[in-house]
Amino acid sequence: LKAALRRAGEALQYAELLERTTEMMLAHFVLGLCRGASGRNNKASRHFAEVERLKEAGVAQWARVMTAALVPEDRRQTG
């Protein structure tokens with residue numbers, strides 16, 4: 001989990017530097033999953049909120065589909 005957090009954090013830094021919206025969204029998604037898995041739900045919520053914001057900013061369709069399929073049950077919006 002620590003390695004995933006470190007790598008996702010690094011990926012986020014590079015994606016922000018290069019202004020790559022899709023990669024930023026994916027990095028936030030992984031960070032949200034990791035934070036949720038470690039019980040840091042407030043931090044996880046912030047990362048998942050950023051995922052939703054970035055989806056509106058225009059990300060690749062494949063990334064939208066992939067993250068939608070991987071969203072944890074307790075994070076899925078109903079109705």
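Reckoned from all heavy atoms, side chains included, excluding hydrogens, waters and symmetry mates.
Side-chain contact between L31 and K43 is absent, with no heavy atoms from C-beta onward closer than 4.5 Å. Proximity of L26 to M66: side-chain heavy atoms (C-beta onward) are separated by under 4.5 Å at one or more points.
Here the NZ-OG distance, from K2 to S38, works out to 11.0 Å after rounding to the nearest 0.5 Å.
Salt bridge annotation for E52-K55: present, with a cationic side-chain nitrogen under 4.0 angstrom from a carboxylate oxygen.
Counting all heavy atoms, side chain and backbone alike, G58 lies closest to R64 at CA-NH2, 4.2 Å. Across all their heavy atoms, A60 and T22 have their closest contact at N-OG1, 2.9 Å. Closest approach of A27 to A8, counting heavy atoms only: CB-O, 3.8 Å. Here the closest non-hydrogen pair linking G32 and A44 is O-CB, 3.4 Å. The two residues T21 and V59 have their closest heavy-atom pair at CG2-CG1, 3.5 Å.
Screening H28, R7, E23 for a side-chain contact (heavy atoms from CB on, under 4.5 Å) with L12, the sole residue that qualifies is H28.
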Next on the checklist: side-chain contact (heavy atoms from CB on, under 4.5 Å) for H47 and V51? Distances and angles first, verdict last.
Outcome noted: CA-CA 6 Å; H47 285 294; V51 167; 5.7 Å; no
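Residue L54 is grouped with residue L70 when hydrophobic side chains (ILVMFWY) are merged at heavy-atom distances under 4.5 angstrom, including chains of intermediate members. The cluster map of Ile, Leu, Val, Met, Phe, Trp and Tyr, joined by side-chain heavy atoms under 4.5 Å apart, puts M24 and L17 in different clusters.
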